[in-house]
Protein chains: 2
Amino acid sequence: MPHCHTSIETLRRRGYRITPQRALIIEAIAHSCRHMTAEEVFARVQQRTPGVNIATIYRTLDFLVKEGLAHRADLGSGQVIYATIQHGPHIHLVCRQCGTVIEADEQLIAALRVQLQQQYGFAADLQHFALSGLCRDCQERFETEQ
Amino acid sequence: MPHCHTSIETLRRRGYRITPQRALIIEAIAHSCRHMTAEEVFARVQQRTPGVNIATIYRTLDFLVKEGLAHRADLGSGQVIYATIQHGPHIHLVCRQCGTVIEADEQLIAALRVQLQQQYGFAADLQHFALSGLCRDCQERFETEQ
DNA sequence: CTCCTACCTGCAAGTATTCGCAAAAGCAAT
DNA sequence: ATTGCTTTTGCGAATACTTGCAGGTAGGAG
Ligand SMILES: [Mn+2]
Ligand SMILES: [Mn+2]
Ligand SMILES: [Zn+2]
Ligand SMILES: [Zn+2]
């Protein structure tokens, strides 16, 4: 997954500085096919270059999200997860009762995306996000208990 | 807004104990027509009954969310906001570049709600939530900068 | 009204993340 | 290669929650 270079070039073109820390962090999330927590990125970066500070990890991940090169999602697990924009698009359905996570197809929100753009001029980040609610089992439990 | 009683009765019916702390917190969010942060709920509760701990505020607000009696939304302001389910349904569109918040009509996600229920048996909490993205101005800025 | 016990709360310590500031280092222009 | 300006980083402290645990209390049984 050599998408690191794409991201790095994009940032350079936009006038940002490419520091070793940024390159390492971009490489870390580009090489993971899954989501990563800030701590996981930190551990991987430390392996190669000890001395990078955890605050830099957080700052850089947030910077990449702001630049549209990474996604952030809070599934309510206590730690936020990050992924590259290459991470296949999908929605996480998180049950607020039991914590179960269902992965849903992002096609579901294709229509919503178009409407938000047309009615509000808002380009929503819907490639990778979390929705809270009740899973089937917990709905049934709620109904029987009233 | 005497919805406190409805919430209290619901909880009692479900077998939970009604402590003075819970009653105060329920009353606090029921009387505010807006969102409240945990700190704001804390301040209001303290006025009436000093001694209630901030941990109880957080635990109770999360408990109310889990029981479906309150909504929680993270608009990225640094503090999570809570509101009763009476709070009129709407979506917050939060720009990840400039932080601007647009309030959008929840009708936009009526179709999504139905699809999630049919395809995944998931009852999504879509009355009051936040979507991240780019506002019109920031989109234009991004395009000109490439 | 009193007792019992599971559920709740206060407290203090822990975790995840953010922020202010001074020093370090990209990178563009000499 | 050197300089200079501005961005970025490291560090330590602050913030916004969260958790473990021991003692307190709501509310049902007797
Ligand atoms: Mn995912
Ligand atoms: Mn709102
Ligand atoms: Zn569930
Ligand atoms: Zn914007």
Side-chain angles (χ1 to χ4, degrees), chain A residues 7-26 28 35-43 45-46 48-67 69-70 72-82 96 99 130 132 145, chain B residues 7-26 28 35-43 45-46 48-67 69-70 72-82 96 99 130 132 145:
Chain A
S7 292
I8 287 174
E9 279 320 303
T10 303
L11 292 178
R12 207 185 290 278
R13 205 177 334 114
R14 289 184 190 164
Y16 296 108
R17 295 183 185 171
I18 309 306
T19 61
Q21 291 92 331
R22 285 188 173 168
L24 280 163
I25 292 165
I26 287 168
H35 323 120
M36 291 179 92
T37 64
E39 282 296 335
E40 285 166 352
V41 174
F42 180 55
V45 168
Q46 285 295 91
R48 307 214 169 186
T49 311
V52 177
N53 195 271
I54 187 75
T56 302
I57 305 287
Y58 279 108
R59 269 190 295 231
T60 304
L61 288 171
D62 288 351
F63 165 73
L64 294 173
V65 170
K66 221 175 130 213
E67 290 302 314
L69 301 172
R72 178 210 321 234
D74 184 356
L75 308 193
S77 65
Q79 272 166 276
V80 168
I81 58 175
Y82 296 87
R96 79 172 120 84
S132 177
E145 286 175 13
Chain B
S7 292
I8 286 173
E9 279 320 303
T10 302
L11 291 178
R12 208 187 290 278
R13 205 177 332 113
R14 290 185 188 164
Y16 297 107
R17 294 185 186 169
I18 309 305
T19 62
Q21 291 92 330
R22 285 187 173 170
L24 280 163
I25 293 165
I26 288 169
H35 323 119
M36 292 179 92
T37 64
E39 281 297 335
E40 285 166 351
V41 175
F42 181 56
V45 168
Q46 284 296 91
R48 306 214 170 188
T49 311
V52 178
N53 196 272
I54 187 76
T56 302
I57 306 288
Y58 279 108
R59 270 190 293 232
T60 304
L61 288 171
D62 289 349
F63 165 74
L64 293 174
V65 170
K66 219 174 129 212
E67 291 302 314
L69 302 172
R72 179 210 320 235
D74 183 357
L75 307 194
S77 66
Q79 273 166 278
V80 168
I81 57 175
Y82 297 86
R96 80 172 119 84
S132 178
E145 285 175 16

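For clarity, every value in this text was computed on a predicted model and none was experimentally measured. A note on names: the letters A, B, ... follow the listed sequences, proteins ahead of strands, and every chain is numbered from 1.
When rounded to the nearest whole Å, the span between CD of Gln79(B) and P of dT18(C) equals 13 Å. The distance between atom CD of Glu67(B) and atom C1' of dC7(C), rounded to the nearest whole Å, is 14 Å. Between Glu9(B) atom CD and dG27(D) atom C1' there is a gap of 14 Å when expressed in whole angstrom units. Distance, Arg12(A) CZ to dT8(D) P: 12 Å, rounded to whole Å. Here the P atom of nucleotide dA16(C) and the CD1 atom of Ile81(A) are 15 Å apart, to the nearest Å. The OH-P distance, from Tyr16(A) to dT9(D), rounds to 13 Å in whole Å. The distance from atom CZ of Arg14(A) to atom C1' of dT7(D) is 17 Å, rounded to the nearest whole Å. Rounded to an integer number of Å, the gap from CD1 of Ile18(B) to P of dA6(C) is 19 Å.
Contact check for Leu11(B) versus Leu69(B): side-chain heavy atoms found under the 4.5 Å cut-off. Contact check for Thr60(A) versus Ile26(A): no side-chain heavy atoms found under the 4.5 Å cut-off. You'll find the side chain of Ile8(A) stays beyond 4.5 Å of the side chain of Arg22(A), heavy atoms only. Residues Thr10(A) and Glu67(A) are not in side-chain contact: their nearest non-hydrogen atoms beyond the backbone lie 4.5 Å or more apart. Inter-residue side-chain proximity for Phe42(B) and Glu39(B) is flagged as met; some heavy-atom pair is nearer than 4.5 Å.
To the nearest 0.5 angstrom, Tyr82(A) atom OH is 10.0 Å from Leu64(A) atom CG. To the nearest 0.5 angstrom, Ile25(B) atom CD1 is 10.5 Å from Met36(B) atom CE.
Non-hydrogen atoms lying under 4.0 Å from DNA chain C are contributed by Ala55(A), Tyr58(A), Arg59(A), Asp62(A), all within residues 54-64 of chain A.
Minimum atom distance to the side chain of Asn53(A) is reached by dG10(D), of the listed dG10(D), dC8(C), dT8(D).
Side-chain N/O atoms of Gln21(B) include none lying less than 4.0 angstrom from OP1 or OP2 on dT25(D). Between Arg22(A) and dT8(D) there is a side-chain polar atom (N or O) within less than 4.0 angstrom of OP1 or OP2. Put simply, Thr19(A) has no side-chain N or O that comes within less than 4.0 Å of OP1 or OP2 on dG26(C). A sub-4.0 Å separation between OP1 or OP2 of dT9(D) and a side-chain N or O of Arg17(A) is absent.
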